[in-house]
4 protein chains.
Amino acid sequence: MSDELNLQEILQETENDTLKLTPKQTKILEAAIEIFSEKGYNATSTSEIAKRAGVAEGTIFRHYKTKKELLFSIVTPMITKVALPVFANKFVKEVFSPDYDRYDQLLRTLVYERYQFVKKNLPFLKIMLQEMAFHPELKEKLQQQFSQHVYPSFKEKVEHYQKEGQIRDYPVESVIRFVMTSIIGMIVTRLLILPDAEWDDEAEIERTIDFIMYGIHQS
Amino acid sequence: MSDELNLQEILQETENDTLKLTPKQTKILEAAIEIFSEKGYNATSTSEIAKRAGVAEGTIFRHYKTKKELLFSIVTPMITKVALPVFANKFVKEVFSPDYDRYDQLLRTLVYERYQFVKKNLPFLKIMLQEMAFHPELKEKLQQQFSQHVYPSFKEKVEHYQKEGQIRDYPVESVIRFVMTSIIGMIVTRLLILPDAEWDDEAEIERTIDFIMYGIHQS
Amino acid sequence: MSDELNLQEILQETENDTLKLTPKQTKILEAAIEIFSEKGYNATSTSEIAKRAGVAEGTIFRHYKTKKELLFSIVTPMITKVALPVFANKFVKEVFSPDYDRYDQLLRTLVYERYQFVKKNLPFLKIMLQEMAFHPELKEKLQQQFSQHVYPSFKEKVEHYQKEGQIRDYPVESVIRFVMTSIIGMIVTRLLILPDAEWDDEAEIERTIDFIMYGIHQS
Amino acid sequence: MSDELNLQEILQETENDTLKLTPKQTKILEAAIEIFSEKGYNATSTSEIAKRAGVAEGTIFRHYKTKKELLFSIVTPMITKVALPVFANKFVKEVFSPDYDRYDQLLRTLVYERYQFVKKNLPFLKIMLQEMAFHPELKEKLQQQFSQHVYPSFKEKVEHYQKEGQIRDYPVESVIRFVMTSIIGMIVTRLLILPDAEWDDEAEIERTIDFIMYGIHQS
DNA sequence: AATGAATGAGGCTTCATTCAT
DNA sequence: AATGAATGAAGCCTCATTCAT
């Protein structure tokens with residue numbers, strides 16, 4: 001698993017940060033992510049991380065003052081990535097293009113993209129999910145990311161389609177919730193609740209989009 | 001908070017169990033539920049539980065052989081309650097009555113009932129959610145409860161309405177997922193993600209039902 | 001095992017003591033002897049004793065103020081019994097009779113009698129042996145018993161036979177040591193070191209007496 | 001006492017083992033041996049060992065995973081040493097030489113050597129003796145050592161002298177038992193039962209050898 | 001930068017003993 | 001006499017963190 005993760009890419013706070021990770025540091029992070037996501041932060045000992053990383057116990061504390069700092073060095077950058085302004089960054093220009101006059105295309109892209117992202121970064125996200133419950137800082141940071149980078153462009157689009165009469169006249173917040181809830185619900189079911197079930201990912205995604213579309217679409 | 005919880009009622013496995021909790025035991029359970037849900041199982045020390053419960057630390061271990069047994073004595077009964085077969089038990093006779101020929105009534109009752117349940121038992125459920133990630137036994141028990149008590153009657157109803165042409169022709173599993181995902185999504189948003197936001201519960205529930213209805217309804 | 005032990009008989013300090021043991025007390029003693037001898041005094045918990053005795057934890061402390069008092073109530077009477085003045089009490093009159101002019105008869109009786117005693121009371125003796133190492137009171141009491149009741153009559157007999165030229169002219173203490181050491185060595189080998197070996201008890205006892213006889217006998 | 005013990009020498013399993021003991025580890029072992037032998041394994045707390053060793057309690061567990069492992073690291077090597085094949089190693093060549101045609105020389109060396117050994121390692125041996133009663137592994141290991149390294153060469157010599165008509169025609173096992181029992185009996189009396197008595201070690205050893213000789217010697 | 005021995009606070013658990021019933 | 005819930009001190013052990021090398 002660890003070789004699939006491109007830590008260099010994922011763990012940098014912003015894209016400008018030049019993050020130099022020594023090999024040992026990379027090993028430590030890989031090990032920490034693995035074990036944190038298997039057993040939880042509190043049930044993981046630094047000595048176990050050191051062992052799995054193949055470094056001495058003290059080495060961890062050379063790079064991270066405390067165990068908590070190690071956790072945050074994993075989770076914090078991920079928060080930014082999770083809330084990665086899908087719309088804003090990648091689609092903002094295309095979305096109002098003639099090709100996107102039907103928003104199911106937008107939705108489809110969104111779903112596929114997020115699904116791949118979650119699949120690739122599941123251990124990170126498990127840790128984040130668990131620890132956000134006990135570290136309000138994390139929760140706040142994510143919410144702030146959301147309201148700054150996701151919500152505005154999401155809202156803009158919803159209102160756009162509402163004006164065009166394509167989306168039902170719910171409050172924008174509700175629409176966003178319906179959409180996200182359905183997508184996240186599918187992903188969670190797929191990857192956490194029933195990871196061993198046989199799934200036709202494509203079909204299931206299509207059905208989910210269908211469901212959302214009918215649910216919010218102005219008939 | 002603790003006085004709202006009726007432990008006697010909640011913590012008994014089946015309704016026939018005569019569960020005698022001594023006062024001290026009740027105090028211990030209340031304290032444990034509070035702190036587990038605040039900080040998580042692993043971050044909670046038995047000495048802290050004892051202190052908050054106002055008992056000696058040894059007293060905990062008179063009633064629960066290990067800390068884990070204490071956790072399970074809290075979570076296990078809740079699993080049964082969570083999967084409480086709303087349909088089967090309460091509505092099975094009414095649901096096919098003429099009054100329920102429109103299934104939004106069914107849905108409405110389901111949502112209201114589950115919402116109240118979660119609201120009342122939030123600390124329990126937080127603990128359950130967190131710990132299921134690290135105790136496969138718990139996850140398995142919940143899944144088994146679900147497939148035995150929830151899924152069958154849910155499926156029956158969905159198929160009933162599909163035959164009548166009222167529900168779109170998705171796989172039953174997908175329909176169930178859409179419905180549950182939307183309900184759970186609303187509840188989670190309301191109680192965990194934005195507990196401090198101003199919500200019009202009634203209106204939000206109605207909208208959520210609307211969304212589900214349009215989403216799965218055969219137009 | 002417990003039914004073979006006649007606690008009433010064994011556990012009374014002196015023969016005049018009228019020792020009334022309630023049924024519960026007897027159960028407690030039986031259980032304590034069993035477990036002490038299996039696991040040692042320190043590794044035995046009072047709750048385990050209570051459980052095996054079928055009484056409540058508190059009941060033990062109704063009869064014995066402390067766990068140590070329970071131990072001593074088992075070991076102390078046994079000390080008297082162990083040092084039971086074999087010679088003095090039973091044989092003093094016979095030993096100088098014409099039948100005993102050869103002291104091997106004396107020895108033979110001594111060995112048989114002590115062997116049976118040890119065999120019957122092995123658990124007691126194991127406890128005594130173990131705990132004497134850590135409770136000087138016990139060791140002192142045994143030594144005092146020995147020098148008061150065993151040593152004098154033993155000495156008398158040894159000197160008697162030395163005067164008659166039948167026992168070699170070693171210091172009496174040495175003769176006693178040779179004799180006891182050989183007997184105890186045989187018993188310990190038989191019952192503790194090789195309890196599962198096939199032994200011809202009779203033959204082995206005879207050989208041991210032979211060995212002692214040749215060893216101390218004035219040829 | 002502790003400075004008399006050469007732990008490095010004693011605690012190594014075989015002479016090839018390069019046993020590196022850090023100073024702290026040595027302190028821990030010295031303290032453990034002292035207190036174990038004074039109060040017994042179960043009555044000794046790790047915190048007391050730490051205190052007497054002048055280290056933190058945690059340090060003990062850096063070197064020995066459990067308290068039991070600490071015990072075994074003390075007792076196990078001693079088992080080998082106890083069964084040290086005196087005959088085989090040191091005398092095997094000389095014993096059949098003309099000088100040894102009288103086996104009392106052999107016996108004398110054996111007794112002296114073992115006596116010195118016990119005297120020097122008394123704390124170790126006390127611990128071993130006590131704990132063998134509750135740890136069958138230890139007992140089995142000692143018995144195995146005995147039957148592999150002591151018994152064969154002992155037997156060989158006994159049979160040699162029996163063939164020469166110098167040792168009485170008892171079963172070899174009995175002869176060995178008589179000899180060992182008498183030696184051990186003397187040592188135990190001297191060092192454990194009457195450590196404060198005035199003894200003429202030389203004379204007592206000579207007398208014991210005498211006793212054994214007469215006891216087993218074919219007159 | 002890296003190591004790993006050492007620390008000591010704190011965790012879970014056991015246990016002898018007490019006491020109200 | 002008997003019970004057994006309750007106690008709290010103490011036991012073994014783990015762990016994040018420090019520091020000399």
Side-chain angles (χ1 to χ4, degrees), chain A residues 22-25 27-28 41-51 53-71, chain B residues 22-25 27-28 42-51 53-70, chain C residues 22-25 27-28 41-51 53-71, chain D residues 22-25 27-28 42-51 53-70:
Chain A
T22 68
K24 299 249 175 198
Q25 211 171 344
K27 285 280 182 82
I28 290 170
Y41 170 74
N42 268 297
T44 301
S45 74
T46 51
S47 85
E48 193 182 353
I49 296 173
K51 207 176 293 161
V55 304
E57 296 191 42
T59 305
I60 293 176
F61 293 91
R62 223 139 254 294
H63 296 286
Y64 307 93
K65 263 206 296 295
T66 64
K67 187 186 167 194
K68 194 170 175 181
E69 192 179 302
L70 171 59
L71 170 67
Chain B
T22 67
K24 301 249 173 200
Q25 210 171 344
K27 285 279 184 75
I28 290 169
N42 268 300
T44 301
S45 75
T46 50
S47 87
E48 195 182 351
I49 296 173
K51 212 174 291 163
V55 303
E57 201 172 352
T59 306
I60 294 175
F61 292 93
R62 201 142 250 295
H63 296 286
Y64 306 93
K65 269 200 290 292
T66 62
K67 188 187 165 195
K68 192 172 175 179
E69 193 180 302
L70 172 59
Chain C
T22 67
K24 299 248 174 199
Q25 212 170 344
K27 286 281 182 82
I28 290 169
Y41 169 75
N42 268 297
T44 301
S45 74
T46 51
S47 86
E48 193 182 353
I49 296 173
K51 206 177 294 161
V55 304
E57 295 190 42
T59 305
I60 292 175
F61 292 90
R62 228 143 248 292
H63 296 286
Y64 307 93
K65 263 205 296 295
T66 65
K67 187 185 166 193
K68 194 170 176 181
E69 192 180 302
L70 172 58
L71 170 67
Chain D
T22 67
K24 301 249 173 197
Q25 210 171 344
K27 286 279 184 78
I28 290 169
N42 267 299
T44 302
S45 74
T46 51
S47 85
E48 194 182 351
I49 297 172
K51 212 173 292 163
V55 303
E57 200 172 352
T59 305
I60 294 175
F61 293 93
R62 201 143 249 298
H63 296 287
Y64 306 93
K65 269 202 289 293
T66 62
K67 188 187 166 195
K68 193 171 175 180
E69 193 179 301
L70 172 59

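Letters A, B, ... mirror the listed sequences (proteins, then strands); counts begin at 1. In this text, all values refer to a predicted model and were calculated from it rather than measured experimentally.
Distance CD1/D:Ile60 to NZ/D:Lys24: 11.5 Å, rounded to 0.5 Å. Atoms NZ and OG1, on C:Lys67 and C:Thr44 in that order, are 6.0 Å from each other to the nearest 0.5 Å. To the nearest 0.5 angstrom, D:Phe61 atom CZ is 7.5 Å from D:Thr66 atom OG1.
Across all strands shown, E:dT14 forms a Watson-Crick or G-U wobble pair with F:dA9, both key distances being under 3.5 Å. For F:dA1, there is no paired base (Watson-Crick or G-U wobble, both distances below 3.5 Å). Remark: F:dT17 base-pairs with E:dA6; criterion is Watson-Crick or G-U wobble with both hydrogen-bond distances under 3.5 Å.
Residues C:Lys65 and C:Ala43 each lie close to DNA chain E; by heavy-atom proximity, the contact nearer the 5' end of the strand is made by C:Ala43. Between D:Thr66 and B:Gly54, it is B:Gly54 whose nearest contact on DNA chain F lies nearer the 5' terminus. A residue-by-residue look at A:Phe61 and C:Gly58 shows that C:Gly58 has its nearest nucleotide of DNA chain F further toward the 5' end. A residue-by-residue look at D:Glu57 and B:Glu57 shows that D:Glu57 has its nearest nucleotide of DNA chain E further toward the 5' end.
Straight-line distance from the CG atom of D:Asn42 to the P atom of F:dA10: 18 Å, rounded to whole Å. The distance between atom CD of A:Gln25 and atom P of E:dT3, rounded to the nearest whole Å, is 13 Å. Protein atom CD of D:Glu48 is 16 Å distant from nucleotide atom P of F:dC13, rounded to whole Å. Summarising the geometry, the separation between NZ on D:Lys68 and P on F:dG11 is reported as 20 Å, rounded to the nearest angstrom. D:Ile49 has its CD1 atom 17 Å from the P atom of F:dA10, to the nearest Å. In this structure, D:Ile28 atom CD1 and E:dA5 atom C1' are separated by 11 Å, rounded to whole Å. As a whole-Å value, the separation of D:Ile60 CD1 from F:dT14 P is 13 Å. Note: NZ (C:Lys27) to C1' (F:dT3) measures 16 Å, nearest angstrom.
The phosphate of E:dA16 (OP1 or OP2) has a side-chain N or O of C:Lys67 nearer than 4.0 angstrom. Taking only side-chain nitrogens and oxygens, C:Thr46 never comes nearer than 4.0 Å to OP1 or OP2 of E:dC15. At F:dT7, one or more side-chain N or O atoms of B:Thr59 fall inside 4.0 Å of OP1 or OP2 (strictly under the cut-off). Taking 4.0 angstrom as the limit, C:His63 places a side-chain polar atom (N or O) nearer than this to OP1 or OP2 of F:dA1. Residue B:Lys24 places at least one side-chain N or O closer than 4.0 Å to OP1 or OP2 of F:dT7.
For C:Ala56, counting side-chain heavy atoms from C-beta on, the closest listed nucleotide (E:dA2, F:dA16, F:dT3) is F:dT3. Checking E:dT3, F:dT17, E:dG11 against the side-chain heavy atoms of A:Val55 singles out E:dT3 as nearest.
Between the base of E:dA1 and the side chain of A:Arg62 there is no donor-acceptor pair shorter than 3.5 Å.
Between A:Arg62 and A:Glu57, no side-chain nitrogen of the basic residue sits less than 4.0 Å from a carboxylate oxygen of the acidic one, so the salt-bridge criterion is not met.
Looking at heavy atoms from C-beta onward, B:Val55 lies out of side-chain contact with B:Ile49 at the 4.5 angstrom threshold.
Figure legend: cation-pi geometry between C:Lys68 and C:Tyr41 absent, as NZ or CZ is not positioned both under 6.0 Å from the six-membered ring centre and within 45° of its axis.
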